Amino acid sequence: MATIDVPEQVSVLADAEALRKACKGWGTDEKAIISVLGHRNAVQRKQIRLAYEDLYQEDLIKRLESELSGDFEKAVYRWILDPADRDAVLANVAIKKLSPDHHVIIEISCTRSPEELLAVRRAYQARYKHSLEEDDLRPSEIAPTSIDNTTSNRGGQSDSGGLRSSRHIKEVKGCRSLVPEMLSDDQLLVALVSAFRYDGEEINTRVANSEAKILHEAVKDKEFNHEEIIRILSTRSKMQLMATFNRYRDDHGTTITKNLEGDSGDEFLKTLRATIRCLNDPKKYFEKVLRNSIRRVGTDEDALTRVIVTRAEKDLKDIKELYYKRNSVPLDQAVAKDTSGDYKALLLTLLGKED
């Protein structure tokens, strides 16, 4: 459930005028900006932007960027964007970091609906004039692959008998042999970003049993980046994957993520764990991101802002409840303790708790 408090009726013209007044003259009325934008949903925020531009022949986003600064400016900017455009910006920032933040790409790929993810890819291409997939796979790491995404995934109805289909034929000492291709973490991310999953409730128990075995064999042999793992994670519906993960746990007495705990320096392993956690239980995943963003020495404002802004209209209320159960402290109280000023006021507003 969402946390933001939105009035039943709003006047976008009045809101546009209020924002113009807040930005006009000496100083900026940050509280007025929060009182308007912090209580408007995505549709209303878009209507306000359009009304503002029509009234004043000025881009509201650019005006707010020039008026605000620091973490508050970044949070307002990310909040006022259309959700797909916001995800495109978040993805680009994550990719362009000196050490790319794969978790952001995983969150976008694994928690958005198929239509939402497609909209993000379109928004990314419109904004940056090239695809998210080509930015995500760095040229130095491109290797020939042929991940088999042709298997039907309508409800998980297709069957897989084991390590099959897209093994690559390689020349080994003059002989042709079938060798399973080992893939990089960037190729896993590209596969996730490119997915258009079946989004229904139907599952195939036989497939869940078969693919739980495939995952276990790959994990047991420490072939974490095996193409079959990538195929399963990037093509199956979320409900089908949950059935597979549950079968894995029932058959082996532990979760797959527990079996994937290992070398903290292994980037693929970290990416794989985060992917499975995000697909299997996104609320639990986001609770942990929030917990880590606050508990570490120095607040991780980027992560804190990202989760609150992207989940406030979706399931942040449920994440708040889970946070309290796991930490015995209300999330808004923890946020209030670790932040300050207008940035704090906006986050608390989006959390449904006025400062």
Side-chain angles (χ1 to χ4, degrees), residues 2-6 15 18-42 45 48 60-81 83 86-87 89-90 93-94 97 99 101 103-104 107 283 285-355:
T3 52
I4 62 166
D5 181 19
V6 179
D15 286 344
L19 291 171
R20 174 73 168 184
K21 184 179 178 181
C23 295
K24 205 172 181 181
W26 290 99
T28 305
D29 188 348
E30 288 87 355
K31 289 185 178 179
I33 292 171
I34 295 170
S35 70
V36 174
L37 296 180
H39 295 285
R40 302 294 184 268
N41 62 33
R45 296 194 302 274
I48 292 168
L60 175 58
I61 293 176
K62 290 182 178 178
R63 182 57 185 263
L64 290 172
E65 282 185 293
S66 69
E67 295 285 336
L68 310 177
S69 62
D71 293 319
F72 179 55
E73 182 270 326
K74 188 181 292 185
V76 169
Y77 175 70
R78 292 179 177 180
W79 177 244
I80 199 171
L81 288 174
R86 175 176 62 216
D87 281 346
V89 171
L90 289 171
V93 170
K97 285 183 178 180
S99 296
D101 190 347
H103 286 75
V104 176
E107 290 171 17
K283 293 173 187 176
Y285 168 89
F286 283 121
E287 183 279 327
K288 187 173 182 180
V289 174
L290 287 171
R291 179 165 20 110
N292 288 340
S293 72
I294 294 171
R295 279 189 174 181
R296 290 176 177 170
V297 178
T299 307
D300 184 348
E301 288 86 2
D302 276 351
L304 181 62
T305 300
R306 184 177 76 249
V307 175
I308 291 177
V309 164
T310 59
R311 309 314 294 180
E313 295 182 82
K314 292 182 175 287
D315 54 4
L316 189 53
K317 187 172 183 180
D318 299 323
I319 296 168
K320 281 177 62 176
E321 292 174 357
L322 183 59
Y323 185 94
Y324 182 72
K325 287 179 182 178
R326 294 179 67 88
N327 303 279
S328 302
V329 176
L331 178 58
D332 43 53
Q333 184 177 318
V335 169
K337 184 179 179 181
D338 257 45
T339 57
S340 61
D342 299 314
Y343 175 59
K344 166 185 169 182
L346 176 61
L347 294 188
L348 291 179
T349 299
L350 299 183
L351 282 165
K353 179 78 172 180
E354 302 292 342
D355 189 11

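Treat the numbers as computed from the prediction; the structure is a model and nothing was measured. Quick note: residue numbers are just sequence positions, from 1.
Glu30 is linked by a salt bridge (charged side-chain N to carboxylate O under 4.0 Å, His left out) to nothing, counting only residues two or more places apart in sequence or in another chain. When the side chain to side chain donor-acceptor pair (under 3.5 Å) test is applied to Tyr285, the partners found at least two apart in sequence or on another chain are Glu107. Every residue meeting the side chain to side chain contact (heavy atoms under 4.5 Å, CB included) condition with Lys62, not counting sequence neighbours, appears here in chain and number order: Asp59, Glu65. Listed by chain and number, the residues in a salt bridge (charged side-chain N to carboxylate O under 4.0 Å, His left out) with Lys97 are Asp101 (sequence neighbours excluded). Under the side chain to side chain donor-acceptor pair (under 3.5 Å) criterion, Asp342 pairs with no residue at all, not counting sequence neighbours. Partners of Ser340 under the side chain to side chain contact (heavy atoms under 4.5 Å, CB included) rule, at least two apart in sequence or in another chain, do not exist in this structure. By the side chain to side chain contact (heavy atoms under 4.5 Å, CB included) test, Ala18 is found to be paired with Val36, residues two or more places apart in sequence or in another chain being considered. With sequence neighbours excluded, the residues satisfying side chain to side chain donor-acceptor pair (under 3.5 Å) with Asp302 are Lys74. Under the salt bridge (charged side-chain N to carboxylate O under 4.0 Å, His left out) criterion, Asp71 pairs with no residue, sequence neighbours left out. When the side chain to side chain contact (heavy atoms under 4.5 Å, CB included) test is applied to Arg295, the partners found at least two apart in sequence or on another chain are Arg291, Asn327. In this structure Thr28 satisfies the side chain to side chain donor-acceptor pair (under 3.5 Å) test together with Glu67, sequence neighbours excluded. Here Asp15 pairs with Arg40 under the salt bridge (charged side-chain N to carboxylate O under 4.0 Å, His left out) rule; sequence neighbours left out.
Checked for salt-bridge contact, Asp332 and Lys320 meet the test: a charged N lies under 4.0 Å from a carboxylate O.
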Requested in this report: Could you please spell out the steps behind the salt bridge (Lys or Arg N to Asp or Glu O under 4.0 Å) verdict for Asp318 and Lys283?
Outcome: CA-CA 7 Å; Asp318 299 323; Lys283 293 173 187 176; 3.2 Å; yes
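Without hydrogens or angle criteria, Arg78 side chain to Thr305 main chain gives no donor-acceptor distance under 3.5 Å.
Here the shortest heavy-atom pairing between Trp79 and Val309 reads CZ3-O, 3.5 Å. For Leu346 against Phe72, the heavy-atom pair with the smallest separation is CB-CE1, 4.0 Å.
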